[in-house]
Amino acid sequence: MSDQKLATVAVRTGIDSDTQYNAVVPPLYLTSTYSFPQLGEVPTYDYSRSGNPTRNTLADALSTLEGGAGGVVTNCGTAAMNLLVSALLGPDDLIVAPHDCYGGTYRLFDTRAKKGDFKVCFVDQTDPQALADAFAQQPKLVWVETPSNPLLRIVDIAELCAAAHQAGALVAVDNTFLSPILQQPLALGADFVVHSTTKYINGHSDVLGGVLIAKTEAHAETLAWWANCIGATGAPFDAYLTLRGLRTLAPRMRMHEENSAKILAYLQQQPLVGTIYHPSQPEHPGHDIALKQQKGFGAMLSFEINGSMAQLETFVRELKCFSLAESLGGTESLICHPSSMTHRAMSDEAQAEAGLKTTLLRLSVGLEDPDDLIADLAQAFALAAKEAV
Ligand SMILES: *Cc1c(COP(=O)(O)O)cnc(C)c1O
């Protein structure tokens, strides 16, 4: 299976695996428990917190797509992150995380560190000196999010992994923004990959889910043990829906990227658009690294409104094809104001330090016809331009 192309793995996962009725699509096992054949004979599955065929099919598919030894499907992306730090870190252990990571990641690490569960140090991972100083403190784990949210900063995964391993640290990469179709961190040296499958992998904005994939068998076993211990595993029905979404991941990513390239070209012409953040832009820091380590630039983009907050509000309010909502990676287009939405858990100082301005907007470009998306942006910009500055 692993020598197949990614699109084929995604489509054919679990197909023809039913031995009872030869169902083409794998059945959904909603059971919480399983009968023992007889006293003293433990079946393959005994209780769905520890194992479930539907969930395991999804875990195996995602692990294969990322080139891992095994993975755990969790009830959300945050649970996958929490599983990793619970399994790996003790009170004296340090995790180095990016200062501009996903808001919920920041909240999780910051809150648990304040409680004394482990130590955390947030750094600008694109600053070699800051990174070297952090590595000098001998971290146990380095957290990477590339492209980062919401500024699409790029970290050189191979280079960072080499330095982290030299310092004795393990590396986990949050690959939510690109999916395994566009980036495979384990092949670049990472030890773990995390996804919020809520986003592109499920792709239809109707399921919360996560996955944590390990490169080695030993780590995969440890994580499976901990997932059962702390109750982090996902529901079978959610896994079934996510498997359904996964089958179209490759063509969806291609279309998301095509639409976002058209929108980028349009945004570049707009007087109300300030700095655009997307790795495809030659002036974007990390453009060359993205070219090297990504198989595409991805469909998430951010830009600053070159105008007043009143103009920003009008623009967002008048949009019809972009829903004002958190999250990303669904078939429908979304717009988000990170400083008051996804990143509101960060203090104003932390936001400023991360370079996150109040004029920043983030787009998750969906699969609508790009002409309609551009026409919608155009009418909202026209109304915003009339707004008194
Ligand atoms: C959404 C998201 C998460 C958290 O995942 P949930 O499924 O919402 O718990 C983590 N990292 C990134 C980059 C995300 O976008």
Side-chain angles (χ1 to χ4, degrees), residues 100 102-103 147-153 177 199-200 205 255-287 297-389:
D100 59 342
Y102 175 73
S148 74
N149 180 21
L151 293 174
L152 289 305
R153 291 208 179 102
F177 266 38
K199 316 294 168 53
Y200 286 107
S205 304
M255 271 193 73
H256 280 295
E257 281 200 300
E258 277 174 26
N259 281 2
S260 98
K262 286 181 183 160
I263 285 177
L264 276 163
Y266 166 79
L267 290 176
Q268 280 161 351
Q269 317 294 321
Q270 295 314 304
L272 273 178
V273 172
T275 309
I276 296 176
Y277 299 89
H278 192 259
S280 67
Q281 310 294 290
E283 65 279 8
H284 187 80
H287 170 74
F297 292 116
M300 292 301 298
L301 65 101
S302 297
F303 63 94
E304 276 154 18
I305 287 280
N306 185 23
S308 65
M309 282 312 282
Q311 286 179 309
L312 182 146
E313 278 168 32
T314 302
F315 172 71
V316 167
R317 187 181 60 240
E318 296 299 334
L319 288 167
K320 313 268 182 309
C321 283
F322 290 82
S323 307
L324 179 63
E326 296 180 356
S327 199
L328 58 113
T331 52
E332 72 295 331
S333 292
L334 302 177
I335 188 163
C336 164
H337 181 237
S339 78
S340 71
M341 294 169 69
T342 46
H343 288 63
R344 66 178 183 272
M346 287 170 78
S347 66
D348 290 352
E349 300 79 67
Q351 285 193 9
E353 204 169 312
L356 204 170
K357 299 188 183 149
T358 53
T359 50
L360 189 80
L361 291 171
R362 188 189 77 181
L363 298 185
S364 171
V365 179
L367 304 183
E368 300 90 342
D369 190 296
D371 293 345
D372 288 330
L373 292 176
I374 289 169
D376 190 37
L377 293 168
Q379 62 82 27
F381 275 129
L383 290 168
K386 282 195 213 146
E387 184 88 35
V389 181

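- In terms of modelled atom types and a separation under 3.5 Å, the side chain of Q270 and the main chain of L267 share no donor-acceptor contact.
- Contact detail for D376 and C321: the closest heavy-atom pair is OD2-N, 2.6 Å.
- Between T342 and P150 the shortest side-chain heavy-atom distance does not fall below 4.5 Å.
- The salt bridge (charged side-chain N to carboxylate O under 4.0 Å, His left out) pairs that include a residue from residues 270-285 number zero, where partners must be two or more places apart or lie in different chains.
- Among all heavy-atom pairs drawn from L151 and G355, the shortest one is CD1-O, 3.4 Å.
- For the pair F315 and L272, the minimum side-chain heavy-atom distance is 4.5 Å or more.
- Of all heavy-atom pairs spanning A299 and Y200, the tightest one is CB-OH, 3.6 Å.
- Every residue two or more places apart in sequence or in another chain was checked for a side-chain hydrogen bond (donor to acceptor under 3.5 Å, both in side chains) with E257, and none qualifies.
- The structure places NE2 of H337 at 12.0 Å from NE2 of H343, a figure rounded to the nearest 0.5 Å.
- The two residues L363 and M300 make their nearest non-hydrogen contact at O-CE, 3.4 Å.
- With sequence neighbours left out, the side-chain hydrogen bond (donor to acceptor under 3.5 Å, both in side chains) criterion links Q268 to Q281.
- The main-chain N or O of L152 is found under 3.5 Å from a side-chain atom of H284 such that the two form a donor-acceptor pair.
- Judged as a side-chain hydrogen bond (donor to acceptor under 3.5 Å, both in side chains), the pairs with a partner in residues 352-365 (not counting sequence neighbours) are, in order, N149-R362.
- Within the structure, every pair that satisfies the salt bridge (charged side-chain N to carboxylate O under 4.0 Å, His left out) test and touches residues 323-340, not counting sequence neighbours, is listed here: E326-R344.
- Interatomic distance, I276 CD1 to E304 CD, rounded to the nearest 0.5 Å: 10.5 Å.
- Judged by distance alone, with hydrogens and angles left aside, the side-chain atoms of H287 form a donor-acceptor pair with the main-chain N or O of P279 at under 3.5 Å.
- Minimum heavy-atom separation, N259 to L373: ND2-CD1, 4.3 Å.
- Legend: side-chain hydrogen bond (donor to acceptor under 3.5 Å, both in side chains) pairs involving residues 312-324, not counting sequence neighbours, sorted by first then second residue: T314-E387.
- To the nearest 0.5 angstrom, M341 atom CE is 4.5 Å from C336 atom SG.
- Across every non-hydrogen atom of L360 and Y277, the tightest pair is CD1-CE1, 3.5 Å.
- Atom CZ in F303 sits 10.0 Å away from atom CG in L264 (nearest 0.5 Å).
- No donor-acceptor pair closer than 3.5 Å links the side chain of H256 to the backbone N or O of L367.
- Between D100 and R153, some side-chain heavy-atom pair lies under the 4.5 Å cut-off.
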